[in-house]
Amino acid sequence: MEFSLQSSRLWEEVVEQTKLAKEKGIDPLLWALQVSSSLGTSGIALPSTELAHVLVNYICWDNNIPILWKFLDKALMMKIIPPLLVIALLSQRVIPSRRSHPAAYRLYLELLKRHAFAFKCQINGLDYQEVMESIDATLHLSEIFDLQTTEPAILVVEFIFSIVWQLLDASLDDEGLLELTEEKVSRWAIKPQEMEIDGHDMYDEKNIVYCERLQNFNTTMAIEIIGQFLQNKATSRILYLARRNMSSHWVSFIQSLQLLGANSAALKNSKVLTSEALQELTSDSRIFLSRECKTSSRQKFHAVMAFGSLASSVSLCPGASRSDLWLPLDMVLEDAMDGYLVNTTSAVEIITGLTKTLQAINGTNWHDTFLGLWIASLRLVQRERDPIEGPMPRLDTRLCMLLSIMTLVVADLIEEEEGAPTDETEYGSTNHWKEMKFPRKRRADLVSSLQVLGDYQGLLAPPKFVVSAANQAAAKAMLFVSGINVGSAYFECVNIKDMPFSCSGNLRHLIIEACIARNVLDTSAYYWPGYVNGRINQLPYSVPAQAPGWASFMKGAPLTSVMSNALVSSPASSLAELEKIFEIAVNGSEDEKISAATILCGASLIRGWNIQEYTVKFITRLMSPPVPADFTGSDSHLIDYAPMLNVLIVGIASVDCVQIFSLHGLVPQLACSLMPICEVFGSCVPNLSWTLPSGEEISPHAVFSNAFALLLKLWRFNHPPIEHGVGDVPTVGSQLTPEYLLLVRNSHLLSSENTHKDRNKRRLSEVASSSSPEPVFLDSFPKLKVWYRQHQRCIAATLSGLVHGTTVHQTVDRLLNMMFRKINKGSQSITSVTSGSSSSSGAGIEDNSLKPELPAWDILEAVPYVVDAALTACAHGKLSPRELATGLKDLADFLPASLATIVSYFSAEVSRCVWKPVVMNGMDWPSPAANLSNVEEHIKKILAATGVDVPRLSAGGSSPATLPLPLAAFVSVTITYKIDKASERFLNLAGPALESLAADCPWPCMPIVASLWTQKAKRWFDFLVFSASRTVFLHNSDAIVQLLKSCFTATLGLNIAPISSNGGVGALLGHGFGSHFCGGLSPVAPGILYLRVYRSIRDIVFITEEVVSLLMHSVREIACSGLPKQKIDKLKRSKNGMKYGQVSLAAAMTRVKLAASLAASLVWLSGGHGLVQSLIKETLPSWFISVHRSDRDQGSGLVAMLGGYALAYFTVLCGAFAWGVDSSSSASKRRPKILGSHMEFLASALDGKISLGCDGATWHAYVSGFVSLMVGCTPNWVLEVDVDVLRRLSKGLRQWNEEELALALLGIGGVGTMGAAAELLIEHFDS
């Protein structure tokens, strides 16, 4: 603001008064008193902004004499002018003229030292707002910093930042360094606008030597003042606020400051500041939380932050393990091995997000983080190194997780850092400068973690079938360090066992090879100490000329049947090899295409860990072949690809292959590729056929059935869409639909603008766009959509709508005649007894017409009515059970895809409970009696560790075994299948449905089904009994609670009283099923049981309340078992509760964190986003409001405090699992609303608007712990909370004397809370 001296007579009088005082040499104090009196008489409020303008204008530059500077100093001391405004005015006038007026610049610097560090009195003044607005107008702060606000405290931050920056640029200019900055010029007025002419000063500035000396001294003094600003308690913290909220400006500022520190000659002359000290000030993050800040629970605060890190406290707890920090990761990895889970989200994305979450919450460095990843994934492999047999993922899936998925996660994390922008504007204001200062460190930490991993020999022992691969990796490294260069051909021809030197490899050798293949390591790893067993001088064997294998194939050998078999059984070792095979699959002859497809689905898919992501990509691309340029037919071009498509579909139909596609995130795209195949081949009349090179003949029905069976595995098609509904979040069931799969697939296309920042999204986007660059919707497949809608109606309501004489009715009759041709030769058709069908003639038809030549979709439309008629006929005695099972099997053999509709019909009918049970007596229906008691005993053994009572399979052992008719029919059909590769893909479809069907029926239906199936498949006994044991929990909520309690007890080692009892991940997840350890099934670890049970729990919401209750119970157990009575008494009597028993308390905190980590994992896995939302919005507020039983046991105060911290850690972890710690995931978009409601609850409770029923110490610990973890681990969350809520929270914390935490919260709350944080800083640190 420019102020005109002529506008007021009063100010003219002040100028005259000052002029007179100057001429008479009046004492500056007397002058100040006279001016103050004069202004007071005139009614001018002091300090006066107008007077500041008058005096500065008068001095600069017509009256630039020492006495007037003394007048100005006295005016400041007497507080008749605002110091900050005077500094702002002088900086605009003096700094640009510092060379022509070096003495004035020296005096300005002296005034700066005296008055720029005292803010408290100024922010408490009545004219605070007016002064800061005047400063803004003078320095144009809002315009320069682009913060359009009139909040005075924000202007204070901008003002301090601007003054320091002006001094910095002036110093750089004085030393000739300004041109070395990126901008080359200053944004501040540090140079005069007009040419300066020397000779107008009253004192001798013509003396060049004197002026140069003074200028040099001024530069040094200015730099020292910059150091003061960076060191002062208040201003350094205010500059921290500038760094967080004006990041783009801070980058330029800090670069200039580092340039000055490294190159300043004036700095060498300073006696109070060295170049090294200034560099330290620029590199240190200078966290403004002060250890001197007065706070009632400062020690508790540091305890809860250590509670997040545990780097030191782990060693204090004998029962704890550092690997327990990664318990959530162990559980997620094990959960992904569930054969009934086909995830639409890439495991790479899930694990990457979880890793970043745990790294932030645990406060670990990247060395420990990578080591935790390797250890967790190695435990996953070792847990089932000799898995039981059955239709479930086996070791291949676990090795995929270790050697493919985990290395992709590591590669993505390293690329995230190394591909990160160097400009902080792209980091956002929440990232620390210190983190930017030392980039590219993750790769080095990966190397160190893998070197340390060699010490974990017990985890590195390879399973039997990968010993050869591990030994080959070790031999490759040995030959490399020996200077012997051999290609893959050598290892294709030579058996490692026959080599004359020891090449004993382990899983670390395979991990290293996978990392090298993905360019996160290089071959220098081969030289690590102990990595190889020595060196050799020459090869023991020469390489044969042209043995069939990848090496000879790459040299041009033809793709003969012998070559094809060799390539199927041996995984490709490079992308180039896969690309050549893919090229043949696209452009080769028909036989070559089939061979190439077979090769891709062979060992390269299952065991090609180094290139697996490319294998699944190429297979997926082949599933969507493009329309040939010369294609002119009226039918779909897919028909011409039938043989190759069938080979691909059958080749990836196994449980392990489907899981591998799921882990790589390609299930949505796979579904999108299968839908047009089903649509086309399901619409074909089966008058076509194709002959494969093997001699097998396939029809459109076969291709359709294989594709349809695989498509249905990609979602839980036989489950009602209403399951797992939580709050206003879409249900889990509703997501597992064809529409949802296409929606996810289409999202991969839409995310293309962000793919350059996310390596995993880039992979998925590339695969999606290569098959179809446009979004795909279910309406594009009308036949599939009609079947799906019928399927939904079948589940939702009883079957109806079959009209006599329609095409569907005719198809029903033809199918029934085909299935029951002998019976239909009688007087009445099967359809005559159905409520939904009309009478039929019942006349027999000729044998050559029994199998209707109809498209598969037409047959599927009729199947529900066919099954309904057959089941009704059996219920009325018109069909024997054997005839029913035989007829249904004939239908499934005729069109294997009909098994899916049979499944959906039986699932729906069982849930309606309208069919009478049938006696499994061994005459009409198969009997389970032969081994039912054996199954019961094994179920009891499996559940022995949980304490759950297993209901008797029959009362008194004499009641006959019964099953509902639909279930009896279904199990009778399934046991007619052979256990071979041809039937595997259909049993994999029917098996989970059968188990789900039996689990929904009353106890003991599932054990009966298991007993029947164990008679059929004895080698599946362990799997079937374990499946039966899971249903114990589905019929009794108390059993689920007991299972959850067992999870806590095992993890915390609470089953034995001493604190040193074993627990952790090993106790929670154990060693899998354990049948291979003891020659029979042993008790299964509770964590394994829960992970295989929770998806079938219908009422999942109650889990949250039970987990919270068990967490608090565990805290009491920990407190009571971990602290002796004497220590508890001391803790109760001590003032802050932390003074005594520090080792025991640290151990207790470690175990409490472990309990909270387990609780959060259980909630997140059980219900995902919906359950976490229910927890935070409903369960926790209700828990805090409710009155809980007063715990009057010893240590109750400690229990209350630990309980609060446990709940805080639990809540933050749940939120972090659901939304992530940053904003990179789509789920993070849900965070502001849910988190905002919880923060509003906290603020309202602190305001006194909500009455709480919980213990006050628990509430205090929860709020302080929750806010501490947010501030320290998830600062992005704070930015999403309403500013008013943050201010209210801060106020409440200050009422608890938690000033440090209040400051921390406001400090990272963004621009909205920056002003409040600045005022609080000044209040506490301004002396």
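Throughout, numbering of the chain's residues begins at 1 and tracks the sequence. Remember, predicted model here, so these are calculated numbers, not experimental data.
Taking the six-membered ring where the residue is Trp, Tyr641 and His637 present perpendicular rings, their angle passing 60° and hence far from 30°.
Using a 4.5 Å cut-off on side-chain heavy atoms (C-beta onward), Leu692 and Ile698 make contact. Using a 4.5 Å cut-off on side-chain heavy atoms (C-beta onward), Thr962 and Trp925 make no contact. No side-chain heavy atom of Gln790 sits less than 4.5 Å from a side-chain heavy atom of Val786. Residues Phe906 and Leu888 meet the side-chain proximity criterion, which asks for heavy atoms closer than 4.5 Å. Looking at Ser927 and Asn921, their side chains never come closer than 4.5 Å, going by heavy atoms from C-beta outward. Contact of the Pro625 side chain with the Leu645 side chain is registered, since non-hydrogen atoms from C-beta on lie closer than 4.5 Å. Side-chain contact between Val971 and Ile1008 is absent, with no heavy-atom pair separated by less than 4.5 Å. Taking 4.5 Å as the limit, every side-chain heavy atom of Val973 sits out of range of all side-chain heavy atoms of Ile902.
Within the model, atoms CG of Leu860 and CG of Leu784 stand 10.5 Å from one another, a figure rounded to the nearest 0.5 Å. Between Arg745 atom CZ and Cys672 atom SG the span is 4.0 Å, to the nearest 0.5 Å. Annotation: the span from Ile677 atom CD1 to Phe781 atom CZ amounts to 10.0 Å, rounded to 0.5 Å. Taken to the nearest 0.5 Å, the CD1 atom of Ile1100 stands 10.5 Å off from the CZ atom of Arg1095. Within the model, atoms CZ of Arg882 and OG of Ser972 stand 9.5 Å from one another, a figure rounded to the nearest 0.5 Å. Interatomic distance, CE of Met623 versus CG of Leu666, reported as 11.0 Å (0.5 Å rounding).
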For this session: Could you walk me through whether Ile594 and Glu590 pass side chain to side chain contact (heavy atoms under 4.5 Å, CB included), step by step?
Result: CA-CA 6 Å; Ile594 294 173; Glu590 292 302 315; 5.5 Å; no
Problem set entry | Trace of the side chain to side chain contact (heavy atoms under 4.5 Å, CB included) decision for Asn646 with Trp690 | CA-CA 10 Å; Asn646 191 71; Trp690 301 271; over 6 Å; no
For this session: Would you check, one step at a time, whether the test side chain to side chain contact (heavy atoms under 4.5 Å, CB included) holds for Ser880 with Asp924?
Result: CA-CA 7 Å; Ser880 71; Asp924 298 321; over 6 Å; no
Exercise. After noting the C-alpha distance and the side-chain angles of Thr811 and Glu861, does the key distance pass the side-chain hydrogen bond (donor to acceptor under 3.5 Å, both in side chains) rule?
Worked result: CA-CA 9 Å; Thr811 303; Glu861 187 178 6; over 6 Å; no
Exercise. Between Gln792 and Arg789, does a side-chain hydrogen bond (donor to acceptor under 3.5 Å, both in side chains) hold up when you go through it step by step?
Worked result: CA-CA 5 Å; Gln792 289 180 309; Arg789 298 302 178 220; 3.0 Å; yes
For this session: Apply the test side chain to side chain contact (heavy atoms under 4.5 Å, CB included) to residues Thr737 and Tyr788: give CA-CA distance (whole Å), side-chain angles for both, the deciding distance (0.1 Å), then the verdict.
Result: CA-CA 9 Å; Thr737 63; Tyr788 180 60; 3.3 Å; yes
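Between the side chain of His1035 and the backbone N or O of Cys1001, at least one donor-acceptor pair lies under 3.5 Å. Proximity of a side-chain donor or acceptor of Asn343 to a complementary backbone N or O of Leu663 within less than 3.5 Å is not detected. With hydrogens and angles ignored, the 3.5 Å screen pairs a side-chain donor or acceptor of Asn706 with a backbone N or O of Ala702. Gln659 places a side-chain N or O within 3.5 Å of a backbone atom of Ala336 that can act as its donor or acceptor partner. Under a 3.5 Å cut-off, the side chain of Lys593 and the backbone N or O of Met644 do not form any donor-acceptor pair. At distances below 3.5 Å, not a single donor-acceptor pair connects side-chain atoms of Ser624 with backbone N or O atoms of Arg621. Under the 3.5 Å distance criterion, the side-chain polar atoms of Ser673 are matched with a main-chain donor or acceptor of Gln669. Proximity of a side-chain donor or acceptor of Ser996 to a complementary backbone N or O of Ala993 within less than 3.5 Å is not detected.
Taking the six-membered ring wherever Trp is involved, the centroid distance between the rings of Phe1023 and Trp1013 does not fall below 6.0 Å.
Shown here for Arg814 and Pro852, the closest heavy-atom pair between the two residues is NH2-CA, 3.3 Å. The heavy-atom pair separating Cys794 from Ser904 by the smallest distance is SG-O, 4.1 Å. Heavy-atom minimum distance, Cys678 versus Trp857: O-NE1, 3.2 Å. Nearest heavy-atom pair across Pro926 and Ile975 is CG-CD1, 4.1 Å. The two atoms that bring Leu710 and Val658 nearest to each other are CD1-CG2, 3.7 Å, heavy atoms only. Shown here for Tyr905 and Leu871, the closest heavy-atom pair between the two residues is CE2-CD2, 3.9 Å.
Judged by the 6.0 Å and 45° rule, Lys889 forms a cation-pi pair with Tyr977.
Applying the ring pair (Phe, Tyr, Trp, His ring centres under 6.0 Å) test to Phe894 and every residue at least two apart in sequence or in another chain returns His701.
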